[in-house]
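Note sheet for the following structure.
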2 protein chains.
Amino acid sequence: MPVSGRASIPEATVARLPLYHRCLTDLQAEGRTTVSSEQLADLAGVNAAKVRKDLSHFGSYGTRGVGYDVDHLLVEIASELNLDHDWPCVIVGAGNLGSALASFAGFTNRGFTVVGILDVDPARIGRELGTLTVRHQDDLRDIVDAEHVAIGIIAVPPAAAQDAAGRLVEAGITSILNFAPTVLDVPDGVQVRDVDLAVELQILAFHEQRPARERPAG
Amino acid sequence: MPVSGRASIPEATVARLPLYHRCLTDLQAEGRTTVSSEQLADLAGVNAAKVRKDLSHFGSYGTRGVGYDVDHLLVEIASELNLDHDWPCVIVGAGNLGSALASFAGFTNRGFTVVGILDVDPARIGRELGTLTVRHQDDLRDIVDAEHVAIGIIAVPPAAAQDAAGRLVEAGITSILNFAPTVLDVPDGVQVRDVDLAVELQILAFHEQRPARERPAG
DNA sequence: CCTTGTGAAGTAATTCACAGCC
DNA sequence: GGCTGTGAATTACTTCACAAGG
């Protein structure tokens, strides 16, 4: 279902844009000025025709015989991804995972700033994590309002996840990244992406032919 | 590309099996004995026809007019996913993320045990993480051999990821879960799954219509 | 030349809709 | 009556292959 006002870009393409963005950032850092669809495809680990079709969806013009201008393409993709400004995020749950995410370099670099981390456990509240201090869950709305937060990250145990989602929605959050292994129920207009780390391992396990016992070791 | 010896199951189905597995585990814990495709679909947040088609791929028999036997279906799916035994895993990188993963309850519960965590930084080596002690990267092969590890988890900075992958492959690992934002080059027969947390946020950002500034706050 | 952009072909995944069985 | 299992229809995605432009 296309978002009104913007020509619809296939979901599969959207999922690859961040990948191209990453590769282009690397190329730019190396001082490269142009890149062909084939080179970009190699870097991104995909097929060259796919790169061209993906980029064609938002009318980004390469130059035939030459390729794409790295700087220009990067700006285009960043603009498509709404990365021309930084996104403040708030994390609910200051356990192992939440705490790690709060100081995770991989976010800060790529357009996202964690502006708050919350918990309900008094033992965790007040703890310092880099420049952040763990605050009480009830401060959620204040933080969201003060920092104009649109993205919430759920890093609580599964039993608490639905409650956390409700509070985030209540506070005005419209996008949720959910690390809890639970299907969240949220109102229309709020988008959820689930990251279940065990699922990823289970998919790997599926494709492992040999059972672990039979490895050519002992 | 189907794995020899097993009837090919579509990748999209494989990716959902862990989700069904999770929901069925919950149902079982609640004491439910049967479930219809529609109920399971609701829990998993997908369409009922999809559930039926997915399950039909490995010939799991439900009962018409009744539904599926929870226990039986759970065993079937676990068996498809090779979850009838536990999978030992090793983590490379004992920074924030690696350390969090090492003590992450979400793995242990679901068929995966972290049996080792490694780093190169002397400041981290020897550190205690729950029942584990951070060891030197050079101990990788010993751990893999001793514990019959087939799955490696990369949680190092991007610049070190390819090297880590090479060492894992060298040590005999055939499946890699990669948290570093880099496309890894590995030999045929080694499978990689990438989890780039910033990518997930970027996809959310894409779908956010309003720029963060324009929220109805101040 | 080389490389893009894109119709057309091919493949995969989803959903429909209903026959068949409990 | 209710629910599964599945062919058929639909939709989405990928890949090919080539015309057109630098």
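Below, read A as the first sequence line, B as the second, and so on, with proteins coming before strands; counting in each chain starts at 1.
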ask   = What is the distance, rounded to the nearest whole Å, between atom CD of B:E11 and atom C1' of C:dA12?
value = 12 Å
ask   = When only distance counts, do a donor and an acceptor, one from the side chain of A:R64 and one from the base of C:dT3, lie under 3.5 Å apart?
value = no
inquiry  = How many whole angstroms separate atom CG of B:D69 from atom P of D:dT4?
reply    = 13 Å
query = Among D:dT15, D:dT14, C:dT4, which is the nearest nucleotide to the side chain of A:S37?
reply = C:dT4
task = Could you check if a side-chain atom of B:H207 sits within less than 4.5 angstrom of a side-chain atom of B:I203, using non-hydrogen atoms only?
result = yes
inquiry  = So for atom CD, which belongs to A:E170, do other residues, nucleotides or ligands contribute more than 12 heavy atoms lying within a distance under 6.0 Å?
reply    = no
Intermediate values then yes/no, side chain to side chain contact (heavy atoms under 4.5 Å, CB included), A:I91 and A:F179 = CA-CA 11 Å; A:I91 299 175; A:F179 285 92; over 6 Å; no
request  = Using whole Å, report how far NZ of B:K50 lies from P of C:dT15.
outcome  = 4 Å
message = If I take atom NE2 in residue B:H57 and atom P in nucleotide D:dT4, what distance separates them, rounded to the nearest angstrom?
response = 16 Å
task = Find the distance B:E38:CD to D:dG5:C1' and express it as a whole number of Å.
result = 16 Å
key: Rounded distance (Å) that lies between atom C1' of C:dT4 and atom NE2 of A:H72   = 15 Å
Shortest side-chain distance from B:R16, nucleotide among D:dT4, C:dT14, C:dC16 = C:dT14
ask   = Counting heavy atoms not belonging to A:Q191, are there more than 12 under 6.0 Å from its CD?
value = yes
query = Taking C-beta and beyond as the side chain, do A:V90 and A:I117 meet within less than 4.5 Å on heavy atoms?
reply = no
task = May I ask you to evaluate whether A:T63 reaches the phosphate of C:dT4, defined as a side-chain N or O under 4.0 Å from OP1 or OP2?
result = no
task = Give the rounded distance in Å between these two atoms: CG of B:N47 and P of C:dA17.
result = 12 Å
message = Counting only side-chain nitrogens and oxygens, does A:Y68 get under 4.0 Å of the OP1 or OP2 atom of C:dG5?
response = yes
task = Rounded to the nearest angstrom, tell me the gap between atom CG in A:D54 and atom P in D:dC13.
result = 10 Å
query = Can you tell me if the side-chain N/O atoms of B:K53 get under 4.0 Å from OP1 or OP2 in D:dG5?
reply = no
message = Can you identify which nucleotide, out of C:dA13, C:dT15, D:dA17, has its nearest atom closest to the A:R52 side chain?
response = D:dA17
